[in-house]
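All heavy atoms count here, side chains included; hydrogens, waters and symmetry mates do not. Residue numbers count from 1 along this sequence.
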Amino acid sequence: MWYEIIPSFAIITAALAIPGVLNYFEHKFVLGNPYLRDKSYRWERFMYQRDGRLTGDPYKCNGLEAIPDEK
């Protein structure tokens with residue numbers, strides 16, 4: 001019958017979901033932030049380095065207060 005496919009469907013769904021869930025928690029524990037910044041383009045790499053240089057943490061939201069005043 002149609003319900004015989006449910007165990008196979010559950011196994012395949014779990015097998016496809018596990019890597020994404022584990023990746024989320026791995027990044028949360030290792031990096032302290034579950035979301036990676038995409039650095040595939042030059043501009044995004046530049047912004048990542050700039051944020052890390054200004055605040056010490058490239059994942060921290062930066063505003064004008066993060067830029068030091070010139071004297």
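Under the 4.5 angstrom side-chain criterion for Ile, Leu, Val, Met, Phe, Trp and Tyr, the cluster partners of Ile18 are Leu22. Think of Leu16 as one node in a network of Ile, Leu, Val, Met, Phe, Trp and Tyr side chains linked at under 4.5 Å; its network also takes in Ile12. Trp2 belongs to a hydrophobic cluster whose remaining members, ordered by chain and number, are Met1, Tyr3, Ile6; membership requires side-chain heavy atoms of ILVMFWY residues under 4.5 Å apart, directly or through intermediates.
Contacts of Phe9 classified as side-chain contact (heavy atoms from CB on, under 4.5 Å), with partners at least two apart in sequence or in another chain: Thr13. Taking the ring-ring contact (aromatic ring centres under 6.0 Å, His included) definition, one finds that Tyr24 meets it with nothing, sequence neighbours left out. Shown here are the side-chain contact (heavy atoms from CB on, under 4.5 Å) partners of Glu26, two or more places apart in sequence or in another chain: Asn23, Val30.
Taken to the nearest 0.5 Å, the CD atom of Glu44 stands 12.5 Å off from the CD atom of Gln49.
Residues Trp43 and Met47 are in side-chain contact: their nearest non-hydrogen atoms beyond the backbone lie under 4.5 Å apart.
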